[in-house]
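Have a look at the structure below before the remarks.
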Amino acid sequence: MSQAVEIDIRKGQKFSDAIRDHDVIVAKFKGKLYDLDSTAPEDGVFIPVKLRDEEGLTVLRHSAAHLLAHAVTSLYKGALPNTGPPTEDGFYYDIKMDPISSDELPKIEKKMKEIASKNLKIERLEYDKDTLVKIFSGNRFKLNIIEEKVPDGSTSTVYRQGDFVDLCTGPHVPSTSYLKAVKLLSLASTNYRGDINGEPLVRIYGTAFPDQKSLNEYLRMREEAMKRDHRKIGQEMDLFIFDSERAPGFPLYTPYGTILRNSLVGYMRELNRENGWSEVYTPHIFRDSMWKKSGHYAKYRESMYTFQMDDGTGYAIKPMNCPGHVTIFEREQHSFRDLPVRYSEPGTVYRYEKSGEVGGLTRPRMFTIDDGHAFVREDQIVSEVTAILGMIQKTFTDLFGKADLTYELSVIDKDDLDNYLITYRCSRCQTEIESRKTSQDHLICPNCGSTDLKPDLDRWDAATSALRNALQSQGVDFKEFEGEAAFYGPKIDVHLRDALGRSWQLSTVQVDFNLPLNFDLTYIDSGGERKHVVMIHRAIYGSYERIMAILLEHYAGKLPTWLSPIQVYITPVSDRFLPYTEKVHEKLLASGIRSFLDYSKETVNKKIRMNRKKRPSYIVIIGEKEVANSSVSVRNRRGDVKAMALDEFINMLRAEISHKRVEQPEFQ
RNA sequence: GCCACUGUGGCUUAGUUGGUAGAGCGGCUGAUUCGUAAUCAGCAGGUCGGGGGUUCGAAACCCUCCAGUGGCUCCA
C-alpha cells in the first residue's frame with residue numbers, strides 16, 4: 001500500500017513527465033487509470049499507481065495476459081486470441097487454437113520471458129473503426145468485439161508491443177520489461193462467451209507479480225493450498241471416502257469422520273436450542289405431488305432423484321428440506337402470537353449434480369444442511385434476521401477463533417422483473433395476483449381479463465430493507481448485488497476468509513414469499529384476519545460437508561481439540577507399561593476425552609510416524625518414568641513435549657475442550 | 001452436460017520405440033521390548049478403471065463406456 005500522494009498536472013501534459021519513480025506504471029486521474037504515456041485531459045491532480053498497489057497489480061497482470069497472447073501467437077500459427085482479463089490473483093487468456101497439453105506451458109512461458117526481456121515499448125494507439133476492422137481482419141473474435149463495442153464513426157484503442165497488437169482499452173505497463181515475474185499455472189478449456197454451445201477455446205491461466213520474490217511467495221501459498229486439499233487430508237486422517245464406482249459424488253463417513261461430523265452437529269443442535277429453534281426430523285422421500293406443489297418439479301426436476309413404484313406412484317428424494325418443515329408447520333393453525341415458529345434439522349438432501357460439477361466435499365451429490373426455517377410475520381423479519389446474523393457470528397468465531405466474514409445482500413433487479421415472484425395489480429379492477437412471469441408470458445387479470453397489470457414491489461422493498469436494517473444493526477459492512485436475489489425473495493450470503501486468504505460461501509439467509517403462497521401458509525392476525533406468513537430459510541454452516549472441507553483446509557487438518565476426532569493418541573514404550581497405559585486411557589475416556597490406545601508392538605518412532613498423519617491433538621507416551629511418577633509424557637500439535645501429572649493433563653484438556661479453544665496451551 | 005488432462009495392489013508410484021508387471025509404505029508372520037518422524041527378515045496382495053478392436057503378442061496403439069482432476073455452464 002503506497003500513500004495516496006497527489007501530483008499536480010496541467011492539461012496536455014504527459015503523466016510520465018510528472019513522475020520519476022520507475023515503480024509507477026499508471027496514473028489515476030479523476031478516478032480513471034491512464035497510461036503514463038498519455039496526457040492529462042484537463043488540469044488537476046493525479047495519483048501515481050505503483051506496481052505493488054492493488055490497481056497496479058491488476059494492470060501488470062493484464063499486461064501479462066497480452067504477453068501470453070503475444071507468445072502464443074508467435075509460437076502457434078493460426079492461434080486467435082479472444083479475451084484475456086486479469087483475475088483476482090492472476091490472469092487468463094482465451095485463445096482459439098488446437099488443444100495443447102500442459103507440457104507445452106513451459107515452452108510458452110519461456111517465449112514470454114524472451115519477449116519480456118526485449119524490453120519492448122507498450123504503445124497505445126487510437127484508430128477509427130474501419131482501421132480496427134482492417135487490423136483485426138484475421139481474428140473473427142476481435143471483429144465481434146469491435147462490431148459490438150465500437151459504434152460506427154467512433155474510435156477505439158489497440159496496444160502494440162513489437163509485432164503483437166491487441167484490441168484493448170488498457171491501461172498497461174509502459175514496457176514489457178516490467179513483466180519479469182510471470183508464471184503460467186494451468187490449462188483449461190472454455191466455450192466462446194461461456195456459452196455451452198460456443199466454440200471451444202483454450203484458456204491458459206497464469207499470474208504475474210512485481211518481482212520474483214513475491215511470485216515465489218504466491219507459488220508457495222498455492223502449493224500449500226494443494227497440500228491442504230481436504231480430499232487429501234481427509235484421506236490421511238481417515239475421515240471419509242468416496243467410492244467412485246458405487247456411489248460417485250456421495251461421501252461415506254468413516255468412524256473418525258463421523259466423530260467430527262457429530263461434533264459439528266452437536267454444536268449446531270445446542271446453538272439452535274439456545275436460540276429458540278426446535279429440532280424436527282423429516283422423511284427423505286416424498287410423493288411427487290409434494291414436489292409439484294412446492295414448485296421443485298417445475299424448476300429442478302432434472303437434478304432430482306426421482307423414481308416410480310410398481311403401482312405407478314411417483315416419488316422423489318428430497319433436494320431441500322423446506323417442504324418437510326412446511327408440512328409440520330401446516331399441522332395446526334397459528335395465531336400471530338405463536339410466531340415466529342422455528343424448525344431446524346440437520347437435513348440430508350440429494351441433488352443430481354451433473355458429472356462435471358461434482359468434486360470432493362465442496363460439491364457432493366449428498367449433503368447435509370444445518371437447515372432452518374422460521375415462519376414469521378412481515379414485521380418480524382428484521383429481528384429474526386438480526387438474531388440469525390448473531391448466530392452466524394458466534395458460530396464462526398467459535399470455529400475459527402476469529403471470524404473474517406463478509407456479507408452480500410442480493411436484491412432484485414427492478415429493471416428486469418422477469419423470473420421473480422412478484423405481486424401484480426390489475427390497473428382496471430385492482431385485483432392482485434402473485435406471479436413469476438418469464439419474458440414469453442403475458443399476464444392476464446383472472447378477474448376482468450385485462451392485460452394491464454402493474455408490478456407492486458412493496459413487499460420486496462420491505463423485505464430488502466428489513467435485511468439491510470438487520471445487517472446495519474449488526475454493524476457489519478456489506479455489498480449489495482442487484483439481480484442476484486432468488487426468484488422468491490432477497491437474501492444475505494455470508495463468506496468466510498480462511499487462513500490462506502481464500503473466500504468461501506457459507507451461510508445464507510433468505511426471505512421467501514413463494515412457499516407460503518404455494519402451500520397457503522397462514523396465521524390469524526390480531527384482527528382475526530388470515531395472513532400469509534413469510535418464511536426465512538437459513539443455513540449457518542451451509543452444509544456439514546462444506547464446513548468440514550473448509551475447517552480441514554483452514555487448519556491443515558490440525559483441528560481445534562474440541563473438534564478433533566483423536567484428542568489423545570496414547571501408546572506405551574513397550575508392553576511392560578501396558579497396564580498403566582490402559583489405566584490412563586480409561587481415565588481419559590471416563591473424563592469424556594476421545595482417547596485412542598495403540599497396542600501395536602512397534603517402536604515409538606514408528607508408531608508416531610504412522611499416526612501423525614491422523615493429526616491427533618495430543619500424543620501421550622507412557623514409559624518407565626511415567627509409571628513411576630503416575631505422570632504422562634505429552635506431545636502437542638506443535639511437537640513440543642512435556643511431562644505432567646495425569647490429573648494436570650486431564651484438567652488442561654477439559655478446559656481446552658469445554659472452552660472450544662482454537663489454540664493449545666503452550667508447553668514451557 | 002461441454003472441453004482438456006488423468007486412471008497400475010489399501011496408499012504413493014516405476015514401467016524407454018507394444019515382448020504378457022517392478023518398488024516403497026501399509027497388511028500378515030517371525031525376531032527385536034524399543035523414549036517422541038524410518039529395527040531386521042520372510043510372506044501374501046495387481047484380470048494395469050470396464051468393454052470392444054488392432055497385433056503373433058497390449059498396461060502401452062485405436063474405439064467406446066465409467067470415474068477422477070482442472071476449467072466452462074450450473075449451484076434451489
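Every chain is numbered from 1 and lettered A, B, ... according to where its sequence line falls, protein lines coming before strand lines.
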### Task
Figure out the NZ/P separation between A/K354 and B/A76, and round it to whole Å.
13 Å
### Query
Under 3.5 Å, side chain of A/D416 to main-chain N/O of A/G483, donor-acceptor pair present?
no
### Query
Can you tell me if A/T561 and A/E656 form a side-chain donor-acceptor pair at under 3.5 Å?
yes
### Task
Check whether the side chains of A/D238 and A/Y256 place a donor and an acceptor atom closer than 3.5 Å, and report yes or no.
no
### Query
Contact class for A/R576 vs. all strands (heavy atom < 4.0 Å): base, sugar-phosphate, or nothing?
sugar-phosphate
### Rounded distance (Å) that lies between atom P of B/A76 and atom CG of A/N518
17 Å
### Message
Just to be sure I understand the geometry, which residues of residues 317-330 of chain A put a non-hydrogen atom under 4.0 Å away from RNA chain B?
### Response
A/P319, A/M320
### Message
Could you tell me if A/E582 and A/Y599 have a donor-acceptor pair between their side chains, going purely by distance under 3.5 Å?
### Response
yes
### Query
Are the side chain of A/D640 and the backbone of A/N636 linked by a donor-acceptor contact shorter than 3.5 Å?
no
### Task
Just jot down the ring-ring contact (aromatic ring centres under 6.0 Å, His included) partners of A/Y407, sequence neighbours excluded, or say none.
none
For residues 539-552 of chain A, tabulate all N or O donor-acceptor pairs below 3.5 Å that involve a side-chain atom, not counting sequence neighbours.
from   : atom 1 : to     : atom 2 : distance (Å)
A/Y541 : OH     : A/L264 : O      : 2.8
A/S543 : OG     : A/E545 : N      : 3.4
A/S543 : OG     : A/R546 : N      : 3.0
A/E545 : OE1    : A/T368 : N      : 2.8
A/E545 : OE2    : A/Y253 : OH     : 2.7
A/R546 : NE     : A/Q505 : O      : 2.8
A/R546 : NH2    : A/Q505 : O      : 3.3

### Query
Relative to the 5' end of RNA chain B, which residue comes earlier, A/P200 or A/R351, by the nucleotide with the nearest heavy atom?
A/P200
### Query
Expressed in angstrom and rounded to an integer, what is the separation of A/K491 atom NZ from B/A76 atom C1'?
9 Å
### Task
Can you tell me the distance, in whole Å, between the NZ atom of A/K625 and the P atom of B/G35?
10 Å
### Query
A/W460 vs A/Y420 aromatic rings, parallel, tilted or perpendicular, using cut-offs 30° and 60°?
perpendicular
### Query
Going by distance alone, is a donor N or O of one side chain under 3.5 Å from an acceptor N or O of the other, for A/D520 and A/H532?
yes
### Task
For B/U16 and B/G22, measure between their P atoms and round to the nearest Å.
14 Å
### Gap between atoms CG and P, on A/D94 and B/A4 respectively (whole Å)
15 Å
### Task
Using the P atoms only, state how far B/G57 lies from B/G1, rounded to an integer number of Å.
36 Å
### Query
P atom, B/C28 versus B/A67: distance in rounded Å?
34 Å
### Message
Using ring centroids (six-membered ring only for Trp), state whether A/F250 and A/F242 fall under 6.0 Å.
### Response
no
### Task
Nearest whole angstrom, please: distance from the P of B/A76 to the NZ of A/K292.
24 Å
### Message
In this structure, how many angstroms lie between the P atom of B/A4 and the CD1 atom of A/I95, rounded?
### Response
17 Å
### Message
Does A/Y92 reach a base, just sugar-phosphate, or nothing at all? Heavy atoms under 4.0 Å.
### Response
nothing
#### Entry: Salt-bridge criterion met for A/K107 and A/E104 (N-O under 4.0 Å)
yes
### Query
Contacts to RNA chain B from residues 597-610 of chain A, heavy-atom cutoff under 4.0 Å, which residues?
A/K601, A/E602, A/T603, A/V604, A/N605, A/K606, A/I608, A/R609, A/M610
### Message
Can you pull out every salt bridge (Lys or Arg N to Asp or Glu O under 4.0 Å) where at least one residue sits in residues 185-194 of chain A? Sequence neighbours excluded, please.
### Response
A/E148-A/R193
#### Entry: Residues A/Y352 and A/E357: side-chain donor-acceptor under 3.5 angstrom
no
### Task
May I ask you to say what A/E302 touches in the nucleic acid, namely base, sugar-phosphate or nothing, with a heavy-atom cut-off under 4.0 Å?
nothing
### Task
Identify whether the distance between the nearest side-chain nitrogen and carboxylate oxygen of A/E666 and A/R638 falls below 4.0 Å.
yes
### Summary
Rounded to whole Å, the CD-C1' distance (A/E484 to B/C74) equals 13 Å
### Task
Indicate yes or no for a side-chain donor-acceptor contact from A/R497 to the backbone of A/G501 under 3.5 Å, with no hydrogens or angles considered.
yes
### Message
Categorize A/E624 for me: base, sugar-phosphate, or nothing, with a 4.0 angstrom heavy-atom threshold over every strand shown.
### Response
base
### Task
Fill in the dot-bracket string of RNA chain B, one character per base: . for unpaired, | for a pair to another strand, ( ) or [ ] for pairs within the strand, taking Watson-Crick or G-U pairs under 3.5 Å.
(((((((..((((.....[..)))).(((((.......))))).....(((((..]....))))))))))))....
What nitrogen or oxygen pairs link the protein and nucleotides 41-46 of chain B at under 3.5 Å?
none

### Task
Check each residue of residues 508-517 of chain A for a non-hydrogen atom within less than 4.0 Å of any atom in RNA chain B, then write out the ones that pass by number, or none.
A/Q510
#### Entry: Whole-angstrom distance between B/U12 and B/G26, as gauged at atom C1'
11 Å
### Message
If you assign each of A/A486 and A/V641 to its closest nucleotide in RNA chain B, which residue comes earlier from the 5' end?
### Response
A/V641
### Integer angstrom distance from the P of B/U6 to that of B/C63
13 Å
### Query
B/U54 and B/A14: how far apart are their C1' atoms, nearest whole angstrom?
27 Å
#### Entry: Listed once per pair and sorted, the salt bridge (Lys or Arg N to Asp or Glu O under 4.0 Å) pairs that draw on residues 360-376 of chain A, sequence neighbours left out
A/E353-A/R363
### Task
Using salt bridge (charged side-chain N to carboxylate O under 4.0 Å, His left out) as the criterion, list what pairs up with A/K227, not counting sequence neighbours.
A/E224
### Message
Salt bridge check, A/D94 against A/R203: does any charged N sit closer than 4.0 Å to a carboxylate O?
### Response
yes
### Message
Regarding A/K491 and A/E484, does a basic nitrogen lie under 4.0 Å from an acidic carboxylate oxygen?
### Response
no
### Message
In whole Å, measure the gap between the C1' atoms of B/A58 and B/A21 for me.
### Response
12 Å
Restricting both atoms to N or O, compile the protein contacts to nucleotides 63-72 of chain B shorter than 3.5 Å, with distance only.
from  : atom 1 : to     : atom 2 : distance (Å)
B/A67 : O2'    : A/S244 : OG     : 2.9
B/U69 : OP1    : A/R231 : NH1    : 2.7
B/G70 : OP1    : A/R231 : NH2    : 2.9
B/G71 : O3'    : A/Y205 : OH     : 3.2
B/G71 : N3     : A/S189 : O      : 3.3

### Task
Could you work out the separation of B/C43 and B/C62 based on their P atoms and round it to a whole Å?
39 Å
### Query
Who are the ring-ring contact (aromatic ring centres under 6.0 Å, His included) partners of A/Y205, not counting sequence neighbours?
A/Y92
